[in-house]
Student: 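Okay, handing you the structure first.
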Amino acid sequence: MSVRSALPVMLTAATVVALAGCTSTKPSASDDGSKLQLVKSGKITTCTHLPYEPFQVRKNNSIVGFDVDLVDLVAKDLKVTQDIIDTPFEGIQSGEDLNTRKCDLAAAGMTITPVRSKNLDFTDPYFDATQALVTKKGTSYTTLAALKGKKLGVQQGTTGETYAQKNAKGVTAVQFEDLGLLLTAVKTGQVDAAINDNGVLFEYVRKNPDTEVTAEFNTGEKYGIGVRTGNDALRLEINKVLKKAKADGSYDRIYKKWFPAAPKK
Ligand code: GLN
């Protein structure tokens with residue numbers, strides 16, 4: 001099994017075009033998204049759902065990770081500091097947290113999907129991902145078909161859950177609220193396998209040698225940072241910072257920091 005598909009994508013014009021055309025309601029004149037406004041002054045407020053290591057995880061009372069470092073680059077550029085709110089994934093992916101001004105942006109290893117793009121706006125993609133299967137070491141569950149009649153753990157509201165609903169016929173899906181609970185269920189044998197994004201699963205098996213990734217499903221996902229629909233000022237600011245980070249090596253530095261075992265690009 002390789003981590004090659006977890007490698008980052010180049011931020012290309014083509015991917016920007018692919019994201020265009022999502023519907024957005026016309027915002028009011030006072031907050032039309034043309035001026036950069038933050039929900040709390042002096043802060044950029046991020047919504048995320050913990051734990052999602054190595055993208056966001058609590059370590060010694062602070063929240064750290066790949067996504068955290070990327071958003072810190074935006075904060076630095078805006079001369080503010082990042083505040084992170086841990087909140088259920090449903091409020092993040094539905095756009096509700098952004099609409100109610102709970103946060104300025106959502107950085108949660110979140111896959112850009114057509115449905116989500118109707119409810120929030122995504123920045124340019126910043127990371128490639130695919131679904132993968134994790135089991136205790138030594139099982140023969142290398143396909144979803146092999147799990148027929150068995151229990152497959154899924155994380156609520158995620159693309160992994162959607163993939164399992166479509167592709168895991170005859171398999172009993174067991175829903176978990178977060179990645180931590182999902183992985184503990186694999187380790188303790190509460191489920192026979194679990195599906196989630198390859199980046200987080202490879203990180204987990206690296207630290208838990210009694211588990212292994214047995215399959216990747218090539219779903220071709222791309223992560224984007226979410227902003228409120230129509231908040232173009234912030235979306236374009238983040239895109240500018242992502243582009244610069246790619247060009248000046250800071251993206252690579254952050255990538256190597258959080259994916260030390262990944263093969264060289
Ligand atoms: N990338 C997956 C999704 O968007 C999982 C995200 C997460 O659990 N934080 O659904």
Side-chain angles (χ1 to χ4, degrees), residues 3 5-9 15 18-19 22 46-58 63-71 84-98 102-103 105-134 152-168 173-186 191 193-205 213 215-227 258-259:
V3 290
S5 52
L7 288 174
V9 268
T15 48
L19 290 176
C22 57
T46 297
C47 274
T48 199
H49 185 46
L50 299 177
Y52 211 65
E53 192 174 6
F55 296 93
Q56 40 269 322
V57 64
R58 201 180 292 277
I63 299 167
V64 297
F66 183 91
D67 287 358
V68 178
D69 282 355
L70 276 191
V71 176
I84 303 178
I85 299 176
D86 178 25
T87 186
F89 193 64
E90 186 49 36
I92 293 175
Q93 66 132 5
S94 65
E96 193 191 331
D97 291 339
L98 295 165
K102 189 186 244 182
C103 41
L105 61 87
M110 181 163 58
T111 303
I112 299 167
T113 70
V115 172
R116 291 173 182 164
S117 299
K118 288 196 174 111
N119 301 319
L120 54 88
D121 285 350
F122 281 105
T123 63
D124 291 343
Y126 67 88
F127 200 89
D128 267 2
T130 203
Q131 291 307 305
L133 206 58
V134 65
L152 173 68
V154 300
Q155 188 191 334
Q156 200 178 334
T158 61
T159 48
E161 179 178 49
T162 309
Y163 186 83
Q165 280 163 355
K166 287 200 187 116
N167 299 286
V174 184
Q175 206 184 46
F176 294 89
E177 208 276 324
D178 68 40
L179 180 73
L181 297 170
L182 178 77
L183 293 172
T184 300
V186 172
V191 292
I195 188 167
N196 212 289
D197 297 24
N198 56 349
V200 293
L201 295 190
F202 279 115
E203 174 70 9
Y204 185 75
V205 302
V213 173
E216 284 183 90
F217 300 120
N218 197 16
T219 51
E221 294 172 54
K222 292 178 194 309
Y223 293 168
I225 293 173
V227 301
W258 296 104
F259 296 93

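If you're wondering where the values come from, they're calculated on a predicted model, not measured in any experiment. Indexing begins at 1, ligand by ligand and atom by atom, following the structure's order.
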Student: Is the centre of the Phe89 ring less than 6.0 Å from the centre of the Tyr52 ring?
Tutor: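 No, too far apart.
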Student: Please enumerate all residues that pass side-chain hydrogen bond (donor to acceptor under 3.5 Å, both in side chains) together with Tyr204, with sequence neighbours excluded.
Tutor: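 Tyr204 satisfies side-chain hydrogen bond (donor to acceptor under 3.5 Å, both in side chains) with no other residue.
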Student: Determine whether Phe127 and Leu70 make a side-chain contact, defined as any pair of heavy atoms from C-beta on separated by less than 4.5 Å.
Tutor: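 Not in contact.
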Student: Return yes if some donor-acceptor pair links the side-chain N/O of Thr46 with the main-chain N/O of Ala107 below 3.5 Å, else return no.
Tutor: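 Side chain of Thr46 to backbone of Ala107, a donor-acceptor pair under 3.5 Å: no, none is there.
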Student: Is it true that Gln56 and Glu53 share a donor-acceptor pair across their side chains at a distance under 3.5 Å?
Tutor: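 Checked: Glu53/Gln56 side chains show no N/O donor-acceptor pair below 3.5 Å.
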Student: Tell me whether Thr111 has any N or O atom under 3.5 angstrom from an N or O of ligand 1.
Tutor: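 Indeed, backbone or side chain, Thr111 has an N or O that close.
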Student: Tell me the contacting part of Tyr223 for ligand 1: side chain, backbone, both, or neither, using a 4.0 Å heavy-atom threshold, strictly below.
Tutor: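 Side chain only; the backbone of Tyr223 stays clear of ligand 1.
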Student: Which option, Gln56, Gln93, Arg116, owns the non-hydrogen atom nearest atom 4 (O) of ligand 1?
Tutor: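 Minimum heavy-atom distance to atom 4 (O) of ligand 1 goes to Arg116.
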Student: Considering residues, nucleotides and ligands other than Glu96, do more than 12 of their heavy atoms fall under 6.0 Å from its CD?
Tutor: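 Result for CD/Glu96: open.
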Student: Taking distance alone, with N or O pairs closer than 3.5 Å, would you say Thr158 contacts ligand 1?
Tutor: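 In this structure, Thr158 places no N or O atom under 3.5 Å from an N or O of ligand 1.
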Student: Can you measure from OG1 (Thr219) to CG (Asp197) and round to the nearest 0.5 angstrom?
Tutor: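 With rounding to 0.5 Å, OG1 (Thr219) is 7.5 Å from CG (Asp197).
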Student: Which residue holds the protein heavy atom closest to atom 6 (C) of ligand 1, what is that atom called, and what is the gap in Å?
Tutor: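 Heavy-atom neighbour on the protein nearest atom 6 (C) of ligand 1: Gly109 O, 3.2 Å.
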Student: For atom 9 (N) of ligand 1, what's the nearest protein heavy-atom neighbour? Residue, atom name and distance, please.
Tutor: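 Answer for atom 9 (N) of ligand 1: Ala108 O, 2.7 Å.
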Student: Who's the nearest protein heavy-atom neighbour of atom 5 (C) of ligand 1, and how far?
Tutor: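 Result for atom 5 (C) of ligand 1: Tyr52 OH, 3.3 Å.
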Student: So if I count the atoms of ligand 1 from 1 in the order they appear, which ones are less than 4.0 Å from some heavy atom of Met110?
Tutor: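 This gives 4 (O) as the contact atoms.
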Student: Please list the nearest protein heavy atom to atom 1 (N) of ligand 1 with its residue and the distance rounded to 0.1 Å.
Tutor: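 Scanning the protein heavy atoms, the shortest distance from atom 1 (N) of ligand 1 goes to Asp197 OD2, 2.6 Å.
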Student: Specify the protein heavy atom at minimum distance from atom 8 (O) of ligand 1: its residue, its atom name, and the distance to 0.1 Å.
Tutor: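 Answer, as residue, atom name and distance: Gln155 NE2, 2.9 Å.
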